[in-house]
Structure formats: structure tokens, C-alpha cells
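Note: hydrogens, waters and symmetry copies are ignored here, and every other heavy atom, side chains too, is used. One-based numbering along the sequence shown.
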Amino acid sequence: QVQLVESGGGLVQAGGSLRLSCAASGRTFSSYAMGWFRQAPGKEREFVGATSWSGGMPYYADSVKGRFTISRDNAKNTMNLQMNSLKPEDTAVYYCAADQGAVTSTSYPDYWGQGTQVTVSS
């Protein structure tokens, strides 16, 4: 099993940047695909981006492509989400997720963190 804990959320002005981190416990972290999802008030949870177990070729939702970057460090059991050029519509609770299969825009990963709030003011 994998336990996930997000950190790094907060309040930022539009155009600013934030870096979210996801710390994972478990000896087999490197065998899990990882991803980020978000949920805004009154909306369904949506896919943000994901990476394979190796960290190679991350892929993103069109809404964040070119602004957000996912990286992972299997030696440190961490995954990060660098968010630049933030917009008010990026305001949401951001969740880290993991699965031994692929994490995609249509999958529901087996493991989830508790979420971290990101608020972007206009």
C-alpha cells in the first residue's frame, strides 16, 4: 500500500506560481504511476496530469498544458507539481493519486492523498 500526503498549497495572485509536493510512504513507490487531480467547489474532480512509474513522459490536461510541470523523485518518494502562470480558474483542492496501473484522465486511482487547497486571486 501507499500513503500519500500533499503539501504546498496556499493563496497566490493570478500570474503567480506554486509548487505542490506529494510525499509517499511505502517501499514500492517506484512501481506506481502517479498523478494529480483537482476539484473546484461545485464541480467534479478533474484530471490535471500524470506520470508513469519512471517519471518519463508526463502528460497533462489541455487546461494546464504549458503551465504545469510534473516531476518525481523515486529515491525520495516524492512527486511535485510546479504550477506557473496561475489563473483564478485553477482554484481547487489538489489531490495526489497513485495506482499500480496507469493514471489517466479517465481512471480512478487506488490511492489518494487528503488534498491541499490552492486559491488564485484575480
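Two rings, from Y95 and F37, have their centers 6.0 Å or more apart.
Residues that satisfy the side-chain hydrogen bond (donor to acceptor under 3.5 Å, both in side chains) test with S122, not counting sequence neighbours, are absent from this structure.
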Where do V5 and Q114 land on the side-chain contact (heavy atoms from CB on, under 4.5 Å) test, with the steps shown first?
-> CA-CA 7 Å; V5 178; Q114 83 289 349; 4.2 Å; yes
Between T106 and F47, is a side-chain contact (heavy atoms from CB on, under 4.5 Å) present by the stated rule, with each step listed?
-> CA-CA 8 Å; T106 56; F47 173 79; over 6 Å; no
May I have the step-by-step check of side-chain contact (heavy atoms from CB on, under 4.5 Å) for F29 and M34, ending in yes or no?
-> CA-CA 9 Å; F29 172 79; M34 302 286 295; 3.7 Å; yes
With side-chain contact (heavy atoms from CB on, under 4.5 Å) as the test, would you mind laying out the steps for L86 and F68 before giving the verdict?
-> CA-CA 9 Å; L86 282 161; F68 290 11; 3.8 Å; yes
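Tracing side-chain contacts under 4.5 Å through hydrophobic residues (I, L, V, M, F, W, Y), one never reaches Y59 starting from I70; they form parts of separate clusters. Residues V103 and Y108 are members of one and the same hydrophobic cluster, defined by side-chain heavy-atom contacts under 4.5 angstrom among Ile, Leu, Val, Met, Phe, Trp and Tyr.
Checked against R38 for a side chain to side chain contact (heavy atoms under 4.5 Å, CB included), the options V118, D90, L81 give a single hit: D90.
Taken from NZ in K43 to OG1 in T91, the straight-line distance is 10.0 Å, to the nearest 0.5 Å. One distance of note links OG of S54 with CZ of R72; it measures 7.5 Å at 0.5 Å rounding. How far CD of Q100 is from OG1 of T28: 6.0 Å, rounded to the nearest 0.5 Å. Put simply, OG on S30 and CH2 on W53 are 7.0 Å apart, with the number rounded to the nearest 0.5 Å.
Closest approach of M79 to C96, counting heavy atoms only: CE-SG, 3.7 Å. The heavy-atom pair separating A24 from L4 by the smallest distance is CB-CD2, 3.7 Å. Across all their heavy atoms, A14 and P88 have their closest contact at CB-CD, 4.1 Å. Nearest heavy atom pair, residue V93 against residue G115, reads CG1-CA, 3.8 Å.
Listed for the D99 side chain is no donor-acceptor partner under 3.5 Å among the backbone atoms of A102. In this structure a side-chain-to-backbone donor-acceptor pair under 3.5 Å is missing from R45 to Q39.
The aromatic rings of Y32 and Y111 sit perpendicular to each other, their planes meeting at more than 60°, with 30° as the lower class boundary.
More than 12 heavy atoms of other residues, nucleotides or ligands shown are found within 6.0 angstrom of CH2 on W112.
By the 4.5 Å heavy-atom criterion applied to side chains, Y94 and M83 are counted as neighbours.
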For a quick test of your reading: what N or O donor-acceptor pairs under 3.5 Å do the side chains of residues 15-23 make, sequence neighbours left out?
{"unit_1": "S17", "atom_1": "OG", "unit_2": "N84", "atom_2": "OD1", "d": "2.9"}
{"unit_1": "R19", "atom_1": "NH1", "unit_2": "Q82", "atom_2": "OE1", "d": "3.3"}
{"unit_1": "S21", "atom_1": "OG", "unit_2": "N80", "atom_2": "OD1", "d": "2.8"}

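Under the 3.5 Å distance criterion, with hydrogens and angles disregarded, no donor-acceptor pair is assigned to the side chains of E6 and T116.
Under the 4.0 Å criterion applied to side-chain N and carboxylate O atoms, D62 and K65 are assigned as salt-bridge partners.
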